[in-house]
Asks: 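I am attaching a structure below and will ask some questions about it afterwards.
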Amino acid sequence: MRRNNFTIKGINPCFFTFLAISWLGGIMPLNLLAQRDSVKLSRRDSLEKVNQLKEVQIRTIKITRRQTSSTPLQILSGADLEKLNSLSVADAVRFFSGVQLKDYGGIGGLKTINVRSIGTNHTAVFYDGVQLGNAQNGQVDLGKFSLDNIEEIELYNGQKSNVFQSAKSFASASSLYLKARTPSFEDGRSNRIKGVFRTGSFGLVNPSLLWQTKITDHTYSTVSAEFKKANGRYKFRSTNGAWDTTGVRTDGDVESMRLELGLNGVLRDSSKWSVKLYGYKDNHGLPGAIVANVWHFSQRQWNRNFFVQSAYEKNIGKYSLMATVKYSNDYLRYLDPNIVTTDGLLNNKYHQQELYLSLANKLKINDFWDVVWSTDYQINDMNANLYRFAYPTRNTFLNVLATQLHFERLDIQANLLSTLTYDKVKSGPASGNRNELTPTVMVSWQPFDQKEFRIRSFYKSIFRMPTFNDLYYTFYQFRVLKPEYTKQYDLGFTYIKGYEDQALTQFSIQADAYFNKVKDKIVAVPGTSQAMWSMRNLGKVEVKGLDVNMQSSWQLNKDLSLNAGLSYTYQQARDSDPASTTYNEQIPYVPLHNITFLASAAYKNFALNYSYLYTGERYDQSANIAVNYVQPFYTHDLAIHYNAMIQKRKVKVTAELNNLLNQPYEVITNYPMPGRSYRFSLTYDY
Amino acid sequence: MIIDMKKIGYKFQNAFTLLLLVMALMSACRKDLQPPKEEKEYLFPPRPNDPIKGIYLVNEGNMGMNKASLDFIDFEAGQYRRNIYSEANPLQVKGLGDVGNDAGVYGSKLYIVVNISNKVEVLDAKTGKRIKQIDITNCRYITFNKGKAYVSAYLGQVGNPAEPNGIVAEIDTTTLAEVKRVKVGRQPEEMAIVNDKLYVANSGGYSPNNYERTVSVIDLNSFTETKRIDVAINLHRLKADRFGDLYVTSRGDYLDINSKLFVIDTKTDQVKLQYDIAVSNLTISNDVVYFYGSEWSHHTGKMTVSYGMLDVISKKVLDKKFITDGTDNNIVIPYGIAVNPFTKEVFVTDAGNYVSPGILYCFSPEGVKKWKVTTGDIPAHFAFVYR
């Protein structure tokens, strides 16, 4: 009874909100239309010519990858990305539909994403086409990736809709692609320098520099450097309805440095090559769960990441080749002064290395048929100063056979991925070898003559391997774990429409219904006490969801343009293991409803950006009961940009206001998020 | 001009609708939070004249979730009362806290040791209302003697690499303040008092490569550690029978060394018996040790759970079991045990998967389930309130 009450009370207002927002997305354009007509009438005499000219300009609509991709694709790029109130990649991906950002709060807090409730370890993150790996825990902290050197973020459910890619690109349940800025120069110039200085709440000081050079006509270099320092302090409010307290989040100080060097070019035979060096270093506090009587934390963490990667791409007639190589070296140190051992304070050090080689081959059999064979090899090893540590090494071989049939109105892609892994350990039993074969099929179809409407669908079966932590973290760990298997079914459509003679110039919508199954979920289960957990293949989850994305563009008059985007996610993610005590209950931290709304207006040199994010009620543990209930939260963010040209130099001033209404909320229970915060930035670009 | 005015008018109108909607969004979706309410459930016909008024049950709550909670088996009303701490103390910020690790009733007060919250909560045993909080970092267990409470804590100092040892703190039960503390072994756990001597099981759990293997003996008159009794690695439980024998458990190393049960004779302060049985928890009632053991094997990844009884006079493991109706097959992970000394009813809790509410079972002296009830997360520690 109690539970039912809860659900009904919670859903109703949320549903109304959704209606309200839909109204905002749907009705508002009509209002504006009416206005537009009257404006036009008045102008017809004097400004006829101007109007006619403009109408020609706005007539064309661009059918982009967003429409033609046979897997759902969401993109944030260029100007859109710059306008968002974002410091890191994590801040930006919050606005994608179907995404749960797990955010432990603050500048240094861990931020990972869970796409369509499959689990955080199932999203692969690619940086310039090569996966950012973490064999230790399978998680990539998106808070560590600054947006400063990022040009485009793409999120694909399933996989990228493209057969000519590395085998890794076929090997995860969803993929996030981060693309670094590619050099671009104004006419007659061979250098570009962009400097940004950011400051604001949390004691943030964040200068960065981007320097691109044209070394020869076909060779470019990029240097990107960034320093970030913040004390991470913020006020938060916490309440249970009876008590209500305000605290200051401390111990979240961060200091980080990033340096990237890139070289890329085109050879005489028009083959492309690139080399990238990436170095990152940080030192930050680890503020933990705020529980009764515990408000401060002494744990700290140090990271040092380095990688070098290189890619080469060449076409010889009907044959194309793409080769990639990467080496990475990661170090992590964790210090916990609350634990004193006979060797002093608990001071764990982890060291990981990865070597990755990839070769993709494409053969164009005829005008409509391509065949691809991609093969990847990867070796990971890990050292740690833990007692009886296993010192694991993992060899992974990935092979993919893929094919694409592309006709005028129909595109079919299918592939079969083979994964072989071999684990070796220096002490204790090793996990068994793995040999898995997983298929994917994707279709995109234009049913009518109009290019504007397309139907798409995909089926993908994939798994994630148990990570080194899953298998070898503690010496008493049971080391036979199966991978965590997922199956995804998706059916959706995309529609885009351009308009003339009216304020609304373009409208697009994409909607997808999906069903996901996760089995043999790797979960921590009790040992003999709270301090002793072990990992087992136990959980099962079924997800029924709906993602809707709408985008619209308006030109209100010569100087004033407007963009608005709305996304809605519905997810029923249920524990589907009949043996579980919480069978058929919503899994932790997944709300039924998620809404994001983004609007931006540009007027002459000014731009205004507004973003709204709604996350519905959730439960923080598997039982859907009152004590596990987590309130919905919604944040309003605002940003104002002013662009100026001073002697051909672009100067931009930005003021950002986050969590406008100072709403107290927690994404993860006991990790309070900041209230209202500010950020200012000054950009110089020449 | 007029048209311009109209344009501006439209703009305002739009801005207004927009604003209105934003306002609607702001207020629509968050209802006021309610502090968790007490829940009552019928268990058995009221026993108003029973020598036991009721039994408190502390649920540990999963670490980091701040979900320690207090339940009460109300014998007078025949009810199970869930969540009584937050009902009795709604204004206490963040509530009972994180990981309730032990509980005991002494005099008119209920003491709850909350491990991660670094505190001992003192409540009125009748009403559950909070009297005071005593701060002790990383506190683990509590025991009482002659107007004093003794609390073990994993570390005497936090952040000092040269100080890996734990302490036992003495608390005056009238002033409810710490009086003094004594250094013991590393990461001390349970304690028992026999003839003005306090015995503490040292675990050394923070150094798996170098577990402690001793029981510290503290003379309560001088409040100093007088000796260490060598037992086995990674000690945990320690309970005294009425003849002055101590029952001490060793957790082993979860790998090659199995958990075992030892008996220490406090007259000689030496180990006099050893049982090669896994014991994760025990309670002594009417000269019988009721115990269960869950032993983990990393070779098979399986947990084997066993239940047993041991006679403290003959020191023999009995053939008798305290669960005889097969209910033990439904218990995922036994986590707490208590015996009603008058009726010999046995209470056993199941922590399940640790992240959802647990179950409390009551068995008749014959080992047949009388009732079961849903508890808070990780039900673990019992404290009896006598009439």
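Here the structure is a predicted model, which means the values were calculated and not measured. Below, chain A is the first sequence line, B the second, and so on; all start at residue 1.
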Asks: Looking only at side-chain N and O atoms, does B/His381 offer a donor or acceptor that is under 3.5 Å from a partner on B/Tyr141?
Replies: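 Absent: no donor and acceptor within the cut-off.
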Asks: Please name the pair of heavy atoms, one in A/Ala289 and one in B/Gly64, separated by the smallest distance, quoted to 0.1 Å.
Replies: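 Result for this residue pair: CB-O, 3.5 Å.
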Asks: Step by step, work out the salt bridge (charged side-chain N to carboxylate O under 4.0 Å, His left out) result for B/Lys183 and B/Glu163.
Replies: CA-CA 10 Å; B/Lys183 193 151 98 174; B/Glu163 237 359 298; 3.3 Å; yes
Asks: Tell me, for B/Asp377 versus chain A, whether the close heavy atoms (under 4.5 Å) come from the side chain, the backbone, both or neither.
Replies: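 Contact with chain A is through the side chain of B/Asp377 alone.
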Asks: Is A/Thr245 in contact with chain B via its backbone, its side chain, both, or neither, using a 4.5 Å heavy-atom distance?
Replies: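 Contact with chain B is through the side chain of A/Thr245 alone.
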Asks: For chain B, find which of A/Ala599, A/Gly241, A/Ala292, A/Ala242 contributes the most heavy-atom pairs closer than 4.5 angstrom.
Replies: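 If we count pairs closer than 4.5 Å to chain B, A/Ala292 comes out on top.
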Asks: Quick test of your reading of the model: are B/Arg82 and B/Glu38 salt-bridged, counting only N-O distances below 4.0 Å?
Replies: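 Here B/Arg82 does not pair with B/Glu38 in a salt bridge, since their nearest N and O are not under 4.0 Å apart.
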Asks: For each of B/Ser207, B/Ala351, B/Ser259, B/Gly97, tally heavy-atom pairs with chain A at distances under 4.5 Å, and name the one with the top tally.
Replies: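 Winner by heavy-atom pair count: B/Ser207.
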Asks: Flag the one option from A/Asn338, A/Val294, A/Thr239, A/Thr669 with the top tally of heavy-atom pairs under 4.5 Å to chain B.
Replies: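 Between A/Asn338, A/Val294, A/Thr239, A/Thr669, the count favours A/Asn338.
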Asks: Most heavy-atom pairs under 4.5 angstrom with chain A, which of B/Gln157, B/Lys67, B/Arg186?
Replies: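 Among B/Gln157, B/Lys67, B/Arg186, the one with the most close pairs to chain A is B/Lys67.
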Asks: If you count heavy-atom pairs under 4.5 Å with chain B, which of A/Asp343, A/Leu346, A/Ile290 comes out on top?
Replies: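 The candidate making the most pairs under 4.5 Å is A/Ile290.
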Asks: Where on B/Leu155 is there a heavy atom nearer than 4.5 Å to chain A: the side chain, the backbone, both, or neither?
Replies: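 B/Leu155 touches chain A through side-chain heavy atoms alone.
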Asks: Name the region of A/Asn628, side chain, backbone, both or neither, that has any atom closer than 4.5 Å to a heavy atom of chain B.
Replies: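 Both parts, backbone and side chain.
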Asks: Who among A/Val523, A/Asp620, A/Thr581, A/Asp336 has the most heavy-atom pairs with chain B under 4.5 Å?
Replies: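 Heavy-atom pair counts peak at A/Asp620.
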Asks: Picking from B/Leu96, B/Ile116, B/Val158, which has the most non-hydrogen pairs under 4.5 angstrom with chain A?
Replies: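 Max contact count across the listed options: B/Val158.
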Asks: Between B/Asn115 and B/Asn138, is any side-chain donor less than 3.5 angstrom from a side-chain acceptor?
Replies: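 Distance-only check passes for B/Asn115 and B/Asn138.
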Asks: Walk me through whether A/Asp575 and A/Lys521 qualify under salt bridge (charged side-chain N to carboxylate O under 4.0 Å, His left out).
Replies: CA-CA 11 Å; A/Asp575 177 346; A/Lys521 208 170 158 65; over 6 Å; no
Asks: Which answer fits A/Ser580, side chain, backbone, both or neither, if we ask what part of it has an atom under 4.5 Å from a heavy atom of chain B?
Replies: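 No part of A/Ser580 comes within 4.5 Å of chain B.
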Asks: Between the side chains of B/Glu189 and B/Arg237, is the shortest nitrogen-to-carboxylate-oxygen separation below 4.0 Å, so that they form an ion pair?
Replies: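 Salt bridge absent between B/Arg237 and B/Glu189.
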Asks: Could you check if a side-chain atom of A/Leu471 sits within less than 4.5 angstrom of a side-chain atom of A/Pro466, using non-hydrogen atoms only?
Replies: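 Side chain of A/Leu471 against side chain of A/Pro466, heavy atoms only: contact under 4.5 Å found.
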Asks: Which word best sums up how the rings of A/Tyr614 and A/Tyr612 line up, parallel for under 30°, tilted for 30 to 60°, or perpendicular for over 60°?
Replies: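 The arrangement is parallel - the two ring planes meet at less than 30°.
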Asks: Which answer fits A/Asp244, side chain, backbone, both or neither, if we ask what part of it has an atom under 4.5 Å from a heavy atom of chain B?
Replies: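 For A/Asp244, there is no contact with chain B at all, as no heavy atom is under 4.5 Å.
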Asks: Specify which of B/Asp98, B/Asn165, B/Asn83 makes the most heavy-atom pairs with chain A at under 4.5 Å.
Replies: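 With the most close heavy-atom pairs to chain A, the winner is B/Asp98.
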Asks: Could you check which of B/Gln34, B/Gln187, B/Met65 has the highest count of heavy-atom pairs closer than 4.5 Å to chain A?
Replies: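 Top option by heavy-atom pairs under 4.5 Å: B/Met65.
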Asks: Can you classify the ring geometry of B/Tyr211 versus B/Tyr254 as parallel (below 30°), tilted (30 to 60°) or perpendicular (above 60°)?
Replies: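 Geometry flag for B/Tyr254 against B/Tyr211: perpendicular rings.
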Asks: Does any backbone or side-chain atom of B/Gln133 lie under 4.5 Å from a heavy atom of chain A? Answer side chain, backbone, both or neither.
Replies: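 B/Gln133 touches chain A through side-chain heavy atoms alone.
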Asks: Determine whether the aromatic ring centres of residues B/Tyr335 and B/Tyr354 are separated by less than 6.0 angstrom.
Replies: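 Yes.
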Asks: Taking all non-hydrogen atoms of both residues, which atom of B/Ile233 and which atom of B/Ser250 are closest, and how far apart?
Replies: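 Of all heavy-atom pairs spanning B/Ile233 and B/Ser250, the closest is O-OG, 2.7 Å.
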Asks: With a 4.5 angstrom heavy-atom cut-off, is it the side chain or the backbone of A/Ser298 that approaches chain B, or both, or neither?
Replies: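 The answer is neither part of A/Ser298.
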Asks: Between A/Ile668 and chain B, which part of the residue has a heavy atom less than 4.5 Å away: side chain, backbone, both or neither?
Replies: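 It is neither, since no heavy atom gets under 4.5 Å.
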Asks: Between A/Phe389 and A/Tyr472, is the ring centre distance below 6.0 Å?
Replies: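 Centroid separation for A/Phe389 and A/Tyr472: 6.0 Å or greater.
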Asks: Is chain B contacted by the side chain of A/Phe633, its backbone, both, or neither, given a heavy-atom distance below 4.5 Å?
Replies: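 For A/Phe633, heavy atoms of backbone and side chain both lie under 4.5 Å from chain B.
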Asks: Which one, B/Gly376, B/Pro164, B/Ala278, B/Ser69, leads in non-hydrogen pairs under 4.5 Å with chain A?
Replies: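 Among B/Gly376, B/Pro164, B/Ala278, B/Ser69, the one with the most close pairs to chain A is B/Pro164.
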Asks: Under a 4.5 Å heavy-atom cut-off, does chain A meet the side chain of B/Lys37, its backbone, both or neither?
Replies: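 Neither the backbone nor the side chain of B/Lys37 comes within 4.5 Å of chain A.
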